[in-house]
Amino acid sequence: QVELVESGGGLVQAGGSLRLSCAASGRTFSPYAMGWFRQPPGKGREFVASIIWSRGRTYYADSVTGRFTISRDNAKNTVYLQMNDLKSEDTNVYYCGAQTVVGRPYDYWGQGTQVTVSS
């Protein structure tokens, strides 16, 4: 079993920055990809960013391109989301996920961390 634990959320003013972390623990961890998602109230979870674990290739939602950066530390089994120039519309609960098999849904999720951007 794999456990994902997010940290780094909080309250920040518009234009500020936060860095989220997601640490994986459990059995030998070697996912195909890890990603960050957020879930607006009353809506489904939406994609924010992802990274291919072995190659480091990254993908971003249009709404965060140029402002957010996803990275990983393979030795620490940790993925990060650096969020700059935060906007009020970035306010949300952010979830870390792990995709163990390419083409399959993400199969492990963290508990979520709240990010609140004040205008």
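- Through direct or relayed side-chain contacts under 4.5 Å between Ile, Leu, Val, Met, Phe, Trp and Tyr, Tyr80 connects to no other residue.
- Contact of the Met34 side chain with the Cys22 side chain is registered, since non-hydrogen atoms from C-beta on lie closer than 4.5 Å.
- Residues Val79 and Val2 are members of one and the same hydrophobic cluster, defined by side-chain heavy-atom contacts under 4.5 angstrom among Ile, Leu, Val, Met, Phe, Trp and Tyr.
- When side chains are defined from C-beta on, Tyr106 counts as touching Ser50, because their heavy atoms get closer than 4.5 Å.
- For Thr100, the side-chain hydrogen bond (donor to acceptor under 3.5 Å, both in side chains) partners are Asp107, not counting sequence neighbours.
- Grouping Ile, Leu, Val, Met, Phe, Trp and Tyr by side-chain contacts under 4.5 Å, direct or through others, leaves Val5 on its own.
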Taking distance alone, no hydrogens or angles, what donor-acceptor pairs closer than 3.5 Å link side-chain atoms of residues 37-44 to residues at least two apart or in another chain?
residue : atom : partner : partner atom : Å
Arg38   : NE   : Glu46   : OE2          : 2.8
Arg38   : NH1  : Asp90   : OD1          : 3.1
Arg38   : NH1  : Tyr94   : OH           : 2.8
Arg38   : NH2  : Ser63   : OG           : 3.4
Gln39   : NE2  : Lys43   : O            : 3.1

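- In this structure Arg72 satisfies the salt bridge (charged side-chain N to carboxylate O under 4.0 Å, His left out) test with no other residue, sequence neighbours excluded.
- Qualifying side-chain hydrogen bond (donor to acceptor under 3.5 Å, both in side chains) partners for Thr116, counting only residues two or more places apart in sequence or in other chains: Gln114.
- Residue pairs meeting the disulfide (SG to SG under 2.5 Å) criterion with at least one member in residues 30-61: none, sequence neighbours excluded.
- Leu81 is listed as a side-chain neighbour of Val48, based on a closest heavy-atom distance under 4.5 Å.
- Evaluation of the side-chain hydrogen bond (donor to acceptor under 3.5 Å, both in side chains) rule for Asn77 yields no partner, not counting sequence neighbours.
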Set out, in order, the CA-CA distance, both residues' side-chain angles and the distance that settles side chain to side chain contact (heavy atoms under 4.5 Å, CB included) for Phe68 and Leu86, then state yes or no.
CA-CA 9 Å; Phe68 292 10; Leu86 282 160; 3.8 Å; yes
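- The shortest distance between side-chain heavy atoms of Glu3 and Tyr108 does not fall below 4.5 Å.
- Between the side chain of Thr65 and the main chain of Ala61, a donor-acceptor pair closer than 3.5 Å is present.
- Taking NZ of Lys76 as the start and OG of Ser21 as the end, the distance is 9.0 Å to the nearest 0.5 Å.
- The hydrophobic cluster containing Phe47 also contains Val102, counting ILVMFWY residues as joined when their side-chain heavy atoms lie under 4.5 angstrom apart, directly or transitively.
- A donor-acceptor pair is defined here as one N or O able to donate and one able to accept, closer than 3.5 Å; no such pair exists between the side chain of Ser88 and the backbone of Val117.
- Leu20 contributes atom CG, which lies 13.0 Å from atom OH of Tyr95 (distance to the nearest 0.5 angstrom).
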Side-chain donor-acceptor distances from residues 52-60 under 3.5 Å, at least two apart:
residue : atom : partner : partner atom : Å
Arg57   : NE   : Tyr59   : OH           : 3.2
Tyr60   : OH   : Ile70   : N            : 2.9

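- Partners of Asp73 by side-chain hydrogen bond (donor to acceptor under 3.5 Å, both in side chains), not counting sequence neighbours: none found.
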Please set out all donor-acceptor pairs under 3.5 angstrom arising from side-chain atoms of residues 6-19, sequence neighbours excluded.
residue : atom : partner : partner atom : Å
Glu6    : OE1  : Gln111  : N            : 2.9
Glu6    : OE1  : Gln111  : NE2          : 3.4
Glu6    : OE1  : Gly112  : N            : 2.9
Glu6    : OE2  : Cys96   : N            : 2.7
Glu6    : OE2  : Gly112  : N            : 3.3
Ser17   : OG   : Asn84   : OD1          : 2.9

